[in-house]
Amino acid sequence: MDTPEPSGLKIPKLPDLKFPKLAVDRRKAFTAAGAAVAAIAVLLVGGMLAMSYNEAQQVAAFESHVAASEADLFLVYDKTSAHMRTPTNDLSVAECDAHMREFAAIARYGGDVTAYHRQIVAADAVPEAYAGAQSAYVRALDNLNRAFSLWLSASGAYDVRDYRAADRNIGEADSAWRAYAAAIADYDRELRAAEEGTEVPPA
Amino acid sequence: MEWKDVIPVLVGGLVILVVALVVKPALLGEPIGFGSRGTVPIGSPPVYVPPTPVPTPTPFPDDVEVSTRNFRWTAIDGGVQTTQVTVPEALFREHRETPRFSDYTSWGRYALADADRPVLVDLARRIAPPSASPDEGYFRLMNLVFFVQQIPYDMDDNATSYIEGVLPRHAMYKKDGVEYPKYPVETLVDGRGDCEDASILMAGLLDALGYDTVLLRYSDHMALGIRMNEFNPYYAKYTPRYFTHEGQHYYFIEGTDFYWSNVSVGSTSIRGRPFPIGDTGGTGIPSVRSETPEIVPLRYIPTPGEYRIQPARLPGGGA
């Protein structure tokens, strides 16, 4: 079936088509090619510079978050060590109970601090090389959080005079604390490897 | 194409980079640069909240209704003494209405009960008056020990062990009988008690004099351990028995009995001397002779072995 042609419009037949002749100016062609290369180079260099700047920014953010975490953890340690130095040999029952209430308050404080910094450090976008260090530090905070949580459980067991449960909780807290120390050692190894660009040495 | 045509291309590229990597993240609150993640809600860092202080309980007045008991006992010099003990009735009643801890690991709290302390301090000073002579320390100690050993023994499931003549409502019924660890003033008002009552009372009295003691828990008995650096008197015909707890030596003391004999054949009068410190052979209780007791400290404070923060090196060469 023939297709009706629009009135006044004539479609040329294919053999009638001819390529337009281009007058190539060599100078203009070089300029255009140069501009394209320059644009690509700007994008590449700019991208690399931005990437490098971005990685430095990420490491700086990670550093500041770890530094803030460490500063707060040492505030918790100040409270804890002062508490542990308190002589308990001659305490009355009321003083023992007050001592344990302070222990519970420190456990709550430590738990809050570790949960807070864990959230921040875990959300950091870090360069791939630092991912191991970040993961180890988050693991360290998780273990510390568990240790503080077990301290709180021990304090609760003390309140209901279940001293065996309190002892069990303290034993488990000590284990969690040792796991924290191991995770910090892992973090240190991972960090060294990231900064030196080497493989992570075995633990 | 002229050089003037190239400049907008370069500027456009830069603008795209700046908008993509800086402006957009800045507007959305994301980290500047590639691979930005969602934001973390960050509040203020947590702060230490000290525990709420508990108000000090009002001491029981001793000028109102009181329970009084006279103890007739023999001191280690052979002299017969009469010692009157006065306990606020309200304190005694409050103890009787207090539920007991079924787990003996917390029975040290009874010995150290703050409300009982004034009664115990007063009694300990009357039985073992302070002396300037250090040589008298041993005699003071043994007088206290002997005083408690002479309090009549009565089992928890005997109604005669209680001044009311009936078992207290918080007596704990167990498969091998009744258990009711008494506060020191309860033993004093009742005037009788069993092995844990005597041990708790003796621990409270000795603690009031500054001695460090523990409860010694056997399978069927309870006694006291007193911390001494070295106790090996030349006259002892036995090897003093001690148990080690946290590097300290706690010597065995029996609380419920003493060496006694009738003054003469057919006489109801008896004479006696205390079971000495460290003598486990004289009690006649097999578990005391054969077992190593569980040590129950009077003051229990759960103490973590690990609490040190490990300093972590900072990334990026930070200090």
Side-chain angles (χ1 to χ4, degrees), chain A residues 28 31-32 35 38-39 42-43 46 50-51 53-54 57 59-63 66-67 70 72-74 77 79-80 84 88 91-94 96 99-102 105 109 112-113 116 119-120 123 125 130 133 137 151 154 158 161-164 166-167 170 173-174 177-178 181 184 187-188 191, chain B residues 1-3 5-6 9-10 12-14 16-17 21 31-43 45-54 56-57 101 103 105-106 109 112-114 117 210 212 299-319:
Chain A
K28 283 187 177 176
T31 308
V42 164
L43 283 173
M51 185 94 79
Y53 167 78
N54 180 59
Q57 286 285 304
V59 172
F62 181 45
E63 179 196 344
V66 172
E70 290 293 296
D72 281 353
L73 287 180
F74 274 96
Y77 176 68
K79 291 265 175 232
T80 311
M84 297 297 175
T88 55
L91 298 185
S92 69
V93 168
C96 284
H99 189 79
M100 283 308 294
R101 279 195 297 277
E102 188 182 81
Y109 177 41
D112 290 348
V113 164
Y116 173 83
Q119 191 186 17
I120 293 171
Y130 285 83
Y137 194 80
W151 282 14
Y158 173 89
R161 313 293 167 239
D162 188 350
Y163 293 172
R164 291 171 208 277
D167 279 340
I170 290 294
D174 284 351
W177 209 283
R178 284 190 287 275
I184 287 294
Y187 159 83
D188 196 53
L191 191 61
Chain B
M1 185 181 255
E2 303 294 331
W3 278 109
D5 300 326
V6 176
V9 174
L10 298 178
L14 278 173
I16 290 169
L17 279 174
L21 299 177
I32 291 172
F34 295 101
S36 56
R37 293 191 196 174
T39 53
V40 180
I42 300 173
V47 291
Y48 174 71
V49 180
T52 313
V54 174
T56 312
F101 306 126
D103 187 352
T105 57
S106 52
R109 288 180 71 90
L112 301 178
D114 293 324
R117 197 71 171 181
D212 178 10
R299 293 173 181 80
Y300 171 79
I301 293 195
T303 307
E306 309 278 349
Y307 60 88
R308 285 170 187 80
I309 294 295
Q310 307 290 325
R313 210 162 55 83
L314 297 183

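Order of the sequence lines fixes the chain letters, A, B, ..., with proteins taken first and strands second; residue numbering starts at 1 for each chain.
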What part of [X] gets closer than 4.5 Å to chain B, counting heavy atoms only: side chain, backbone, both or neither?
X	value
A/Ile184	side chain
A/Asp72	side chain
A/Ala133	neither
A/Glu102	both
A/Ala173	neither

State whether a side-chain donor-acceptor pair under 3.5 Å links A/Tyr137 with A/Glu70.
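A donor-acceptor contact under 3.5 Å links the two side chains.
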So which heavy atom on A/Tyr130 is nearest to which on B/Pro315, and how close?
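Closest approach of A/Tyr130 to B/Pro315, heavy atoms only: CE2-CB, 4.0 Å.
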What are the two closest non-hydrogen atoms of A/Leu73 and A/Val113, and how far apart are they?
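Scanning both residues, the minimum pair turns out to be CD2-CG1, 4.0 Å.
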Residue selection (most heavy-atom pairs with chain B, distance under 4.5 Å) from [options]:
options	result
A/Tyr116, A/Phe62, A/Tyr77	A/Tyr116
A/Asp162, A/Thr80, A/Leu91	A/Leu91
A/Ile170, A/Asp112, A/Asp174	A/Asp174

With chain A as the partner, which of B/Gly210, B/Pro53, B/Pro311, B/Pro304 has the greatest number of non-hydrogen pairs under 4.5 Å?
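Heavy-atom pairs under 4.5 Å are most numerous for B/Pro304.
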Identify which of B/Leu112, B/Ile301, B/Thr52, B/Val49 forms the greatest number of heavy-atom pairs closer than 4.5 Å to chain A.
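Most heavy-atom pairs within the cutoff with chain A belong to B/Ile301.
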Parallel, tilted or perpendicular, as decided by the 30° and 60° cut-offs, for the rings of A/Tyr163 and B/Tyr300:
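Parallel: the ring planes of B/Tyr300 and A/Tyr163 meet at under 30°.
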Using the six-membered ring wherever Trp is involved, compare the ring planes of A/Trp151 and A/Trp177 and label them parallel, tilted or perpendicular (cut-offs 30° and 60°).
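Taking A/Trp177 first and then A/Trp151, their aromatic rings lie parallel (interplane angle under 30°).
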In Å and rounded to the nearest 0.5 Å, what is the CZ to CG distance from A/Arg161 to B/Asp103?
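Answer rounded to 0.5 Å: 12.0 Å.
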Separation between NE2 of A/His99 and OG1 of A/Thr88, rounded to the nearest 0.5 Å:
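Output value for this atom pair is 6.0 Å.
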Show, in sequence, the C-alpha distance, side-chain angles and deciding distance for A/Asp188 and B/Gln310, and conclude whether the side chain to side chain contact (heavy atoms under 4.5 Å, CB included) test is met.
CA-CA 11 Å; A/Asp188 196 53; B/Gln310 307 290 325; over 6 Å; no
Portion of B/Arg117 that has a non-hydrogen atom of chain A nearer than 4.5 angstrom:
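When you check distances to chain A, no heavy atom of B/Arg117 falls under 4.5 Å.
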